[in-house]
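Hydrogens, waters and symmetry mates play no part in the numbers below; they use all other heavy atoms, side chains included.
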Amino acid sequence: MKKILFLSLFLMICAVLSAQKRIKVACVGNSITYGYTLPNPATDSYPSQLQQLLGDTYEVGNFGKSGATLLNKGHRPYMQQEEFKKALAFAGDIVVIHLGINDTDPRDWPNYRDHFVKDYLALIDSFRVVNPKCHIIIARLTPIADRHPRFESGTRDWHGEIQQSIETIAKYAGVQLIDFHAPLYPYLLPDAVHPNVEGAGILAKTVYSAITGDFGGLHLSELYTDNMVLQHGQPLTIRGKANAGEKVTVAIAKQKQSVKTASNGDWAITLQPLKAGGPYTLTVSAGKQKQAFNNVLAGEVWLCSGQSNMEFYLGWSKTAKRDIPQAANDQIRLFDMKARWRTDAVEWDESVLDSLNHLQYYKDTEWTVCSPATAGSFSAVAYYFGKMLQDSLKVPVGLICNAIGGSPTEAWVDRNTLEYKFPAILRNWTQNDFIQDWVRGRAALNVKKADSKQQRHPYEPCYLYEAGIRPLEQYPIKGIIWYQGESNAHNREAHEKLFKLLVESWRKNWENKDLPFYYVQLSSINRPSWPWFRDSQRRMMYEIPNTGMAVSSDLGDSLDVHPKHKQPVGERLAHWALNQTYGKKNVTPSGPMFRNVEFRDGAAYVSFDCAEGMHSSDGKPLRTFEVAETEDVYYPATAEVVGNQIKVYSKEVKNPLRVRYGWQPFTRANLVNGDGLPASTFRTDWGR
């Protein structure tokens with residue numbers, strides 16, 4: 001509140017000053033401020049573009065010095081440069097400081113980090129001495145892309161430490177903090193450090209908003225439309241952007257709350273839990289602006305994501321002719337995030353490539369009521385999942401589908417997570433061996449370079465997170481269902497790391513470390529790596545808390561990566577949600593899942609979770625069980641149900657020490673439990 005009052009007072013002072021003289025804005029910094037690498041720094045640098053935005057009532061001075069360090073013991077201290085003297089003489093009414101990038105040099109931060117805070121405070125004080133009324137704005141550092149040659153040897157980590165120091169300085173000195181980091185993306189940094197003209201423009205707009213408080217007025221996530229579903233039964237946070245200091249009011253279901261927008265334009269209001277049902281009207285107002293959303297329901301909201309098997313339309317599924325005519329249900333709402341351009345192997349024109357660079361990959365969309373007209377082109381898996389939830393819970397269900405055909409796991413993970421925990425996958429991504437050949441080939445067709453600009457593609461690591469997950473702005477959801485892995489099945493070791501990072505990344509985005517995450521195990525197809533990948537998926541269920549895996553190997557097609565039987569897949573995901581998330585203990589979450597094994601008397605006795613009523617799905621003997629005494633020397637085995645265990649033995653193996661099941665790319669494994677849910681591929685030598 002003090003910061004908002006201070007900003008309001010500052011804006012009033014600016015208004016008075018503007019009537020008397022031009023307001024001086026001193027831009028202090030290094031080569032990024034100066035405009036190094038830009039065609040014409042005098043017109044292209046961020047201070048020059050800021051001057052155009054602010055107009056004639058302001059005078060903007062550029063006091064950037066290439067290579068300058070904030071540290072006074074650094075290799076080129078800013079406070080010893082001629083530009084610093086000129087900045088003092090300018091005596092700015094507003095001083096914008098962006099320093100610290102060059103302090104990531106191994107000559108600087110490792111040796112003198114203990115001086116950084118005091119040196120920065122001394123710099124701030126020096127401007128206050130020449131103009132005691134000046135308003136100081138300091139910026140979080142612009143990014144340094146992973147392409148930088150020193151990125152992993154120290155730059156990445158020192159950059160992060162300096163960011164933390166800058167936040168400490170802002171609090172201690174009572175100055176305004178702005179963010180130069182979040183708005184910039186790698187393609188805006190041609191040499192991994194210096195923004196291009198467009199990037200400089202983004203920095204100029206950031207400073208303009210910080211000075212004027214103008215953030216473009218009231219803005220909410222694109223998910224706020226008529227017919228939407230809001231998560232019920234828990235405190236509901238509505239958040240967005242508005243101009244600094246404006247009063248924002250949110251009203252729904254006899255609740256009405258207000259808050260003042262922060263100096264960075266952010267606002268958030270947390271409402272008491274809504275009662276399931278509706279329809280409600282949600283209104284959000286800020287200043288003279290007001291947005292009203294009608295026919296709003298409160299219920300269960302799920303994000304449904306992945307690649308083509310999640311994208312796969314209800315209209316393409318095996319049971320489409322039966323189910324689409326019966327799809328009318330006002331209590332199910334659909335938000336379908338479809339891509340503007342397919343990721344098929346066709347060459348895109350320049351307009352498409354430019355739009356991809358601006359993260360404009362998704363079509364504009366809105367919530368719709370589930371009906372025969374809308375359900376046919378919606379995800380089949382998501383539809384069947386939502387229908388089972390709605391039938392069982394008797395509350396409204398909202399389904400957000402964001403699935404992109406062919407997309408690899410790494411495209412869905414946030415950049416900071418990959419930079420720190422898997423940086424190798426970012427480097428030269430269309431050529432590195434982490435990417436499957438066909439994915440590389442399809443992406444390479446459309447990845448081009450123009451004017452030294454890094455051209456982006458939806459399969460690029462982080463792209464779909466930046467274009468399709470982060471913009472959801474933490475819209476409250478109950479959980480996530482996920483069907484992906486086909487594009488990573490060639491490298492289960494890399495996927496094991498990536499999948500854990502993805503779940504961690506999304507839970508962090510929604511500020512919920514326990515956010516339910518239920519996923520589909522890959523089906524059957526004649527691809528040799530798939531048994532290994534399926535078992536890897538099974539084991540991760542026990543390694544990542546609050547997850548569950550729906551088995552689909554019994555529904556596969558030996559030649560088609562897109563099996564058409566989607567209803568069982570969606571409903572098996574719903575089993576997990578009903579049992580684990582909604583506490584319906586009468587609903588079995590899964591088919592038999594390997595627990596442990598005992599070896600005695602020449603046989604293996606395998607125990608399972610969810611084992612009640614085990615039998616074969618087709619009335620024939622259990623098949624695809626194998627045993628081995630020596631690793632990887634397996635023989636077909638006889639398998640029999642003995643109580644809640646499976647007895648496995650073979651005349652070829654007198655002393656079995658290992659069992660595996662369903663270990664074929666396209667498997668005809670037939671073990672199910674009493675609910676008809678299939679068992680997963682497994683190997684006993686790897687444990688759970």
Side-chain angles (χ1 to χ4, degrees), residues 300-312 335-337 378-386 388-389 398-414 417 458-459 462-465 468-470 472 475 477-489 492 494-510 512-523 533-534 536-553 555 561-563 566 568-578 580-581 589-590 680:
E300 301 296 334
V301 183
W302 286 79
L303 173 61
C304 315
S305 190
Q307 60 181 106
S308 54
N309 270 307
M310 180 63 81
E311 182 185 25
F312 192 95
F335 189 87
D336 201 0
M337 297 176 65
F378 193 73
S379 162
V381 169
Y383 169 79
Y384 287 118
F385 170 82
M388 189 169 186
L389 286 193
L399 302 170
I400 304 165
C401 183
N402 181 2
I404 300 300
S407 58
T409 310
E410 57 269 23
W412 297 96
V413 183
D414 78 278
T417 294
Y459 294 168
C462 313
Y463 182 92
L464 291 173
Y465 181 91
I469 298 300
R470 186 169 59 192
L472 301 185
Y475 185 89
I477 61 176
K478 189 69 173 183
I480 296 159
I481 59 172
W482 175 259
Y483 194 164
Q484 191 275 339
E486 297 91 340
S487 292
N488 295 83
R492 66 175 176 83
H495 178 264
E496 286 174 3
K497 188 172 182 178
L498 286 166
F499 184 68
K500 293 171 185 175
L501 295 179
L502 183 145
V503 176
E504 173 189 320
S505 172
W506 288 24
R507 286 175 171 170
K508 183 178 179 180
N509 181 67
W510 270 277
N512 182 354
K513 63 182 178 59
D514 299 316
L515 187 68
F517 200 109
Y518 304 126
Y519 58 95
V520 181
Q521 185 186 47
L522 292 193
S523 65
F533 191 85
R534 289 197 302 262
S536 170
Q537 289 180 295
R538 176 190 65 84
R539 289 182 287 108
M540 283 193 291
M541 181 176 62
Y542 300 102
E543 297 170 8
I544 308 173
N546 213 19
T547 60
M549 183 189 75
V551 175
S552 70
S553 54
L555 304 169
V561 76
H562 302 114
K566 299 302 188 194
V569 178
E571 292 181 348
R572 289 170 190 177
L573 288 167
H575 272 256
W576 276 107
L578 290 169
Q580 298 289 99
T581 302
S590 172
S680 167

Peer 1: Determine whether Asn512 and Ile477 make a side-chain contact, defined as any pair of heavy atoms from C-beta on separated by less than 4.5 Å.
Peer 2: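 A side-chain contact under 4.5 Å is absent here.
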Peer 1: Look up atom OG1 in Thr581 and atom CG in Asn546, then write down how far apart they are to the nearest 0.5 Å.
Peer 2: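 Answer for the OG1-CG pair, Thr581 versus Asn546, is 6.0 Å.
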Peer 1: Scan residues 498-507 for pairs that pass side chain to side chain donor-acceptor pair (under 3.5 Å), counting only residues two or more places apart or in two chains.
Peer 2: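 Side chain to side chain donor-acceptor pair (under 3.5 Å) check on residues 498-507 returns Asp414-Ser505, Lys421-Glu504, Lys500-Glu543.
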Peer 1: Between Gln521 and Ser680, do the side chains contain a donor N or O and an acceptor N or O under 3.5 Å apart?
Peer 2: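 There is such a pair (donor and acceptor under 3.5 Å, judged by atom type) between the side chains of Ser680 and Gln521.
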Peer 1: Looking at Gly406, is its backbone amide N or carbonyl O close enough to the side chain of Ser487 to form a donor-acceptor pair, meaning the two atoms are under 3.5 Å apart?
Peer 2: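 Side chain of Ser487 to backbone of Gly406, a donor-acceptor pair under 3.5 Å: yes, one is there.
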Peer 1: Using 0.5 Å steps for rounding, measure from the CG atom of Asn402 to the SG atom of Cys304.
Peer 2: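 If we round to the nearest 0.5 Å, Asn402:CG and Cys304:SG are 10.0 Å apart.
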Peer 1: For the atom pair CH2 (Trp482) and CG (Leu502), what is the distance rounded to the nearest 0.5 Å?
Peer 2: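 The distance works out to 5.0 Å.
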Peer 1: Between Glu496 and Arg539, is there a side-chain heavy-atom distance shorter than 4.5 Å?
Peer 2: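 Counting from C-beta outward, Arg539 and Glu496 do come under 4.5 Å.
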Peer 1: Indicate the atoms forming the closest heavy-atom contact of Leu522 with Gln537, along with that distance.
Peer 2: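 Scanning both residues, the minimum pair turns out to be N-OE1, 3.0 Å.
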Peer 1: His495: which residues meet the ring pair (Phe, Tyr, Trp, His ring centres under 6.0 Å) condition with it, sequence neighbours left out?
Peer 2: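 Checked His495 against ring pair (Phe, Tyr, Trp, His ring centres under 6.0 Å); matches are Phe499, Phe533.
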Peer 1: Does a side-chain heavy-atom distance below 4.5 Å link Leu303 with Ile469?
Peer 2: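 Counting from C-beta outward, Leu303 and Ile469 do come under 4.5 Å.
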Peer 1: Starting at CD of Gln307, measure out to CG of Leu464 and round the result to the nearest 0.5 Å.
Peer 2: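 Rounded to the nearest 0.5 Å, the CD-CG separation comes out at 10.5 Å.
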Peer 1: Does any non-hydrogen side-chain atom of Ser590 lie less than 4.5 Å from one of Met549?
Peer 2: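 No, side chains not in contact.
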Peer 1: Are any side-chain N or O atoms of Ser379 and backbone N or O atoms of Glu311, one a donor and one an acceptor, separated by less than 3.5 Å?
Peer 2: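 Answer holds: no.
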Peer 1: Hey, does Tyr475 have a side-chain heavy atom less than 4.5 Å from the side chain of Val301?
Peer 2: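 They are in side-chain contact.
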Peer 1: Check whether any side-chain heavy atom of Ser523 lies under 4.5 Å from a side-chain heavy atom of Ser553, and answer yes or no.
Peer 2: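 The answer is no, as the side chains (C-beta and beyond) never meet within the 4.5 Å cut-off.
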Peer 1: Examine distances only and state if a side-chain atom of Arg572 and a backbone atom of Val551 form a donor-acceptor pair shorter than 3.5 Å.
Peer 2: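 Here the side-chain-to-backbone pair exists.
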Peer 1: Less than 4.5 Å apart, side chain to side chain, heavy atoms only: is that true for Tyr463 and Glu410?
Peer 2: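 No - every pair of side-chain heavy atoms lies 4.5 Å or more apart.
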Peer 1: Tell me whether the guanidinium CZ or amine NZ of Lys566 lies under 6.0 angstrom from the six-membered ring centre of Tyr384 and within 45° of its axis.
Peer 2: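 That pair does not qualify as a cation-pi contact.
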Peer 1: How long is the straight-line distance from CZ of Phe378 back to CZ of Phe335, given to the nearest 0.5 Å?
Peer 2: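 Answer for the CZ-CZ pair, Phe335 versus Phe378, is 10.0 Å.
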Peer 1: Which atom names give the shortest non-hydrogen contact between Ser552 and Tyr483, and what distance separates them?
Peer 2: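 Nearest heavy atoms, Ser552 then Tyr483: OG-OH, 4.1 Å.
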Peer 1: With side chains defined as the heavy atoms from C-beta onward, is the minimum distance between Ile481 and Trp302 less than 4.5 Å?
Peer 2: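 Yes, side chains in contact.
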Peer 1: Just verifying a value: how many Å separate Thr547 OG1 and Met540 CE, rounded to the nearest 0.5 Å?
Peer 2: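 Nearest 0.5 Å value for the OG1-CE distance: 9.0 Å.
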Peer 1: For residues Phe385 and Ala577, report the shortest heavy-atom separation together with the two atoms involved.
Peer 2: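 Heavy atoms of Phe385 and Ala577 come nearest at CE1-CB, 4.0 Å.
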Peer 1: Show, in sequence, the C-alpha distance, side-chain angles and deciding distance for Val413 and Tyr465, and conclude whether the side-chain contact (heavy atoms from CB on, under 4.5 Å) test is met.
Peer 2: CA-CA 6 Å; Val413 183; Tyr465 181 91; 5.9 Å; no
Peer 1: Under the criterion side chain to side chain donor-acceptor pair (under 3.5 Å), I'd like the reasoning laid out for Gln484 against Asn309: C-alpha separation, chi angles, the key distance, then a yes or no.
Peer 2: CA-CA 7 Å; Gln484 191 275 339; Asn309 270 307; over 6 Å; no
Peer 1: Cut-off 3.5 Å, side chains only: do Trp412 and Ser305 have a donor facing an acceptor?
Peer 2: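 Note: Trp412 and Ser305 side chains miss the donor-acceptor criterion.
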